[in-house]
2 protein chains.
Amino acid sequence: MAKATASSDDAFARFKSYLREQRLKSTAQRDVIVEVFLEGSGHASVEELYGRVRKRNPRIGYATVYRTMKLLTECGIADERHFRNGEARYEIAEKEHHDHLICERCGKIVEFEEDRIEALQEQAARKLGFELRGHKMELYGICADCRRKKSRG
Amino acid sequence: MAKATASSDDAFARFKSYLREQRLKSTAQRDVIVEVFLEGSGHASVEELYGRVRKRNPRIGYATVYRTMKLLTECGIADERHFRNGEARYEIAEKEHHDHLICERCGKIVEFEEDRIEALQEQAARKLGFELRGHKMELYGICADCRRKKSRG
DNA sequence: GCGAAATTGATACTCATTTTCAGTTAGCCA
DNA sequence: TGGCTAACTGAAAATGAGTATCAATTTCGC
Ligand SMILES: [Mn+2]
Ligand SMILES: [Mn+2]
Ligand SMILES: [Zn+2]
Ligand SMILES: [Zn+2]
């Protein structure tokens with residue numbers, strides 16, 4: 001049974017409204033895909049989502065997962081991210097803006113926010129005559145767990 | 001006639017040494033590709049490099065450009081970057097570390113460095129138990145020229 | 001319930017990059 | 001100066017993520 005948080009219920013409802021507004025159709029496939037996405041813990045690739053989707057309904061096609069994630073991104077429920085290897089990963093868009101710290105050894109992704117960095121980015125852009133619209137920042141390193149493992153040998 | 005700066009001569013020589021050390025071979029193709037890369041103003045895609053390469057020697061293949069840019073990256077003469085659209089772009093690695101500010105309208109790329117941001121990144125990583133190894137930061141916005149054009153209409 | 005418009009799944013396609021492979025060289029050694 | 005062999009090359013096929021196509025199916029406003 002799918003665990004549904006208050007916020008995922010909400011997001012699900014917002015997706016439904018979006019479909020109605022845009023005169024798009026509600027389908028069983030879309031429902032499954034959105035549920036799977038909302039249940040997940042974030043930063044899932046299409047492949048991962050597809051794997052979980054097909055456990056519930058093996059007849060759903062890969063293309064439909066792509067199409068639905070695109071819809072979710074358009075309507076502001078999902079954010080599409082591209083980390084080092086480039087394939088798309090999705091996270092729930094409701095959270096505060098944040099950037100990512102990624103372990104180069106185990107792939108762990110930690111989210112963080114640093115207002116002082118954001119302010120300095122704004123300032124750097126302005127100094128160079130730009131009106132800042134957005135940014136991408138990823139920090140890469142070795143997490144505490146991995147360092148511990150290594151030093152033990 | 002190719003303009004050769006002191007530093008590009010140097011990089012060319014370093015490439016040659018690298019080939020010798022690794023028991024790889026010096027070829028006319030590699031020479032042309034490295035020259036073209038070193039003459040360029042930076043952030044060139046493989047397609048752009050290939051275009052310039054084939055003016056000097058139309059028989060050089062696409063794959064050889066890829067292969068040579070990979071070599072240059074391995075030996076630390078080129079840095080491979082991936083901006084928003086994902087295709088690889090190369091710049092000379094000799095410069096100081098820097099990040100990029102990119103105009104979303106005209107594509108202009110401005111380089112900048114902000115030590116205070118770098119320090120805060122280091123600090124943020126440490127606070128979360130990571131040993132920082134590197135980062136990727138790109139700022140996206142609208143440059144002064146493009147804003148001027150727009151406001152005139 | 002009808003029927004137009006949207007959706008679906010399979011599959012073909014794109015685009016950047018990598019791999020394969022048969023033919024061609026570079027460069028060490030006699 | 002060859003000769004040899006591993007490295008290199010170009011063309012073409014393969015890859016992998018993502019998109020487009022299309023016939024068959026489904027949704028939903030009337
Ligand atoms: Mn995140
Ligand atoms: Mn640069
Ligand atoms: Zn780790
Ligand atoms: Zn601009």
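Just so it is clear: chains get the letters A, B, ... in the order the sequence lines come, proteins before strands, and each one is counted from 1. Values in this document were obtained by computation on a predicted structure and should not be read as measured data.
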Nucleotides 4-14 of chain D: protein proximity per nucleotide (B base, S sugar-phosphate only, - neither; heavy atom, under 4.0 Å): --BBSBB----

Identify, residue by residue, the members of residues 73-80 of chain A with a heavy atom below 4.0 Å from DNA chain C, and return them in order of residue number, or none. none

CD (B/Glu47) with more than 12 external heavy atoms under 6.0 Å: no

Interface residues of residues 82-93 of chain B with DNA chain D (non-hydrogen, below 4.0 angstrom): none

What I want to find out is whether A/Glu118 reaches A/Arg116 closely enough, with some N-O distance under 4.0 Å, to be called a salt bridge. no

Separation of B/Glu47 atom CD from C/dT17 atom P, in whole Å? 10 Å

Check this for me: does any side-chain nitrogen of one of A/Lys55 and A/Glu35 sit under 4.0 Å from a carboxylate oxygen of the other? no

Using a cut-off of less than 4.0 Å, is there contact between a side-chain N or O of B/Tyr66 and OP1 or OP2 of C/dT18? no

Expected list for residues 121-128 of chain A: side-chain donor-acceptor pairs under 3.5 angstrom, two or more places apart:
from	atom 1	to	atom 2	distance (Å)
A/Gln121	OE1	A/His135	ND1	3.1

Can you list every pair that meets salt bridge (Lys or Arg N to Asp or Glu O under 4.0 Å) and has a residue in residues 98-110 of chain B, with sequence neighbours left out? A/Arg133-B/Glu104, B/Arg84-B/Glu104, B/Lys108-B/Asp145

If you look only at pairs with a residue in residues 69-81 of chain A, which of them pass as a salt bridge (Lys or Arg N to Asp or Glu O under 4.0 Å), with sequence neighbours excluded? A/Arg81-A/Glu91

CG of A/Leu120 to CG of A/Asp115: how many Å apart, nearest 0.5 Å? 11.0 Å

Side-chain contact test, heavy atoms from C-beta onward, threshold under 4.5 Å: evaluate it for A/Ile142 versus B/Leu132 and give yes or no. no

B/Leu72 and B/Tyr18, any side-chain heavy atoms less than 4.5 Å apart: no

With side chains defined as the heavy atoms from C-beta onward, is the minimum distance between A/Phe12 and A/Asp31 less than 4.5 Å? yes

Could you give the CG-to-P distance, from A/Asp31 to C/dT7, as a whole number of Å? 13 Å

